[in-house]
Amino acid sequence: MSENTAAPAKPKGKKRLELDPRLAAYKGIWVFVEMERGQVHQVSWELLGEGRKLADILNVELGAVILGGSNDELAAAARSAFTYGADVAYIVADPVLTDYRNEPYTKAMTDLVNKYQPEILLLGATTLGRDLAGSVATTLLTGLTADCTELAIDPDNRGLLATRPTFGGSLLCTIQTLNYRPQMATIRPRVMAMPDTLPERSGRVISENLQMQEDDIIAKVLQFIPDEAQEQAQLAYADIIVAGGRGMGKAENFRLIWDLAAVLGAEVGGSRPVTHAGWLPADRQVGQSGKTVRPKLYIAAGISGAIQHRVGMESSDVIIAINNDPHAPIFDFATYGIVGDAVQILPVLTDAFRSRLAVNRRAG
Ligand SMILES: Cc1cc2nc3c(=O)[nH]c(=O)nc-3n(C[C@H](O)[C@H](O)[C@H](O)COP(=O)(O)OP(=O)(O)OC[C@H]3O[C@@H](n4cnc5c(N)ncnc54)[C@H](O)[C@@H]3O)c2cc1C
């Protein structure tokens, strides 16, 4: 390796900015519990699990922020939040918060932050979370790091170290909000592990009112049209994914991927060249500009394992790679590797799984 490729030395004498004394009083970690139509998004529990670890390092409380229209739904969400590690739930129940709209949610959240002053505020990088985080950060005039893949605490200054891929995934950058509070970050679903629940855990509930009338809000919800979810890929929360890459050769060969997925009860995914070529719909792309997945089993056929694909699937419990190039980077992080032609190997695997699973089914 030439000297030029070595990582640059860490600059000596790290830049330190004094926190305004008003902001130094901010304490505690908050997680926004995203709820739509009474359903909490699983990313909120993943973030409570991660928030618990950070709160224990800082020795501060973990808060869950729960906004919505129905008291009962918010109370139920608060009870769940406690079992996932929250110490306190901040609740705002108001009819104007029934459906997500940016204005009332931003007001509810910024009012809570200004009153209770958390030092860290985490949201899921969902469509809703990304929309809300941007307006909350700009209203509070603080820093926001979007789409993080790793969070840690800086032992030097107790600040949040928010790490995210940048420059097309070729660099990981760690961002700090030195002199504003709260330090905000959005984190993608499935990047953090789902925490265990402690069913006996409970906590404090703090309820606040929203000082806002329906007439103050410009956006109106006229109708709710659910997704045609049947045909949509549910990749992020699938237990098994069979994915194909450019090495599958042509669109027709993807039938082999679908066949194996059908036998395993799996979802189908693919790399970017494959969705770009139209061999698979765009919502089945795995990777940095696609979905992050965390299945128990990820089978990658004809996928080289480029960094932009790897960051979306490397947390899978078991990775099986099928590739005809023994030097393909995917073998560096696969659990099991098969060197050979995926077009020949997939049907053999499918048959083997089909007969094995039939035996298991007969045995009950
Ligand atoms: C900003 C940016 C964002 C990106 N985001 C994503 C993203 O979200 N997801 C993503 O996947 N990529 C993304 N990419 C693209 C990424 O860099 C790679 O180009 C891509 O992952 C490669 O896909 P692949 O492995 O299918 O194809 P290739 O890299 O072409 O690899 C094909 C592999 O198949 C093997 N092969 C060939 N024939 C056979 C055969 N018959 N049997 C078995 N193996 C065979 C080859 O040895 C090779 O390893 C992004 C790139 C950029 C710049």
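In this text the structure is predicted, and so the values were computed from the model without any measurement. Order of listing sets the numbers, starting from 1, for every ligand and every atom in it.
With a 4.0 Å heavy-atom cut-off, ligand 1 is reached by the side chain of A306 but not by its N, CA, C or O. In M248, neither the side chain nor the backbone holds a heavy atom less than 4.0 Å from any atom of ligand 1. By the criterion of a heavy-atom distance under 4.0 Å, the side chain of P273, and not its backbone, is placed next to ligand 1.
In this structure, L161 and Q176 have side chains that are in contact, with non-hydrogen atoms separated by less than 4.5 Å. The shortest distance between side-chain heavy atoms of V268 and I241 does not fall below 4.5 Å.
For ligand 1, the atoms closer than 4.0 angstrom to any heavy atom of G245 are 26 (O). Numbered from 1 in the order shown, with element, the atoms of ligand 1 that lie under 4.0 Å from a heavy atom of S289 read 3 (C), 4 (C), 5 (N), 6 (C), 7 (C), 8 (O). In the vicinity of Q288, heavy-atom distances shorter than 4.0 Å reach the ligand 1 atoms 7 (C), 8 (O). Each of the following atoms of ligand 1 lies closer than 4.0 Å to a heavy atom of D341: 40 (C), 41 (N), 42 (N). Of all atoms in ligand 1, listed by their number and element, those nearer than 4.0 Å to a heavy atom of A342 are 40 (C), 42 (N), 43 (C). Close contacts of ligand 1 with S271, meaning ligand atoms under 4.0 Å from a residue heavy atom, involve 11 (O), 23 (O), 24 (P), 26 (O). Below 4.0 Å from some heavy atom of G340 lie the following atoms of ligand 1, by number and element: 42 (N), 43 (C).
More than 12 heavy atoms of other residues, nucleotides or ligands sit less than 6.0 Å from atom CZ of F333. The environment of N114 atom CG is dense: over 12 non-hydrogen atoms of other residues, nucleotides or ligands sit within 6.0 angstrom.
Taking OG1 of T177 as the start and CD of E119 as the end, the distance is 12.0 Å to the nearest 0.5 Å. The distance from the CD atom of E34 to the OG atom of S44 is 5.5 Å, given to the nearest 0.5 Å.
In terms of heavy-atom proximity, H41 sits nearest to P189 at CE1-CG, 4.1 Å. In terms of heavy-atom proximity, V88 sits nearest to I206 at CG2-CD1, 3.9 Å. In plain terms, the two heavy atoms of I319 and S316 that are nearest each other are CG1-CB, 3.9 Å.
For ligand 1, the polar-atom distance check finds an N/O of G290 within less than 3.5 Å of one of the ligand's N/O atoms. Not one N or O of G270 is nearer than 3.5 Å to an N or O of ligand 1, by distance alone.
Using a non-hydrogen distance threshold of 4.0 Å, V343 does not register as a contact of ligand 1.
Comparing heavy-atom distances from atom 37 (C) of ligand 1 across G247, A277, A321, G287 singles out G247 as nearest. Remark: among candidates N323, T275, D325, V286, the nearest residue to atom 48 (C) of ligand 1 is N323, based on non-hydrogen atoms.
Put simply, the side chain of R188 never gets that close to the backbone of D147: no donor and acceptor are under 3.5 Å apart.
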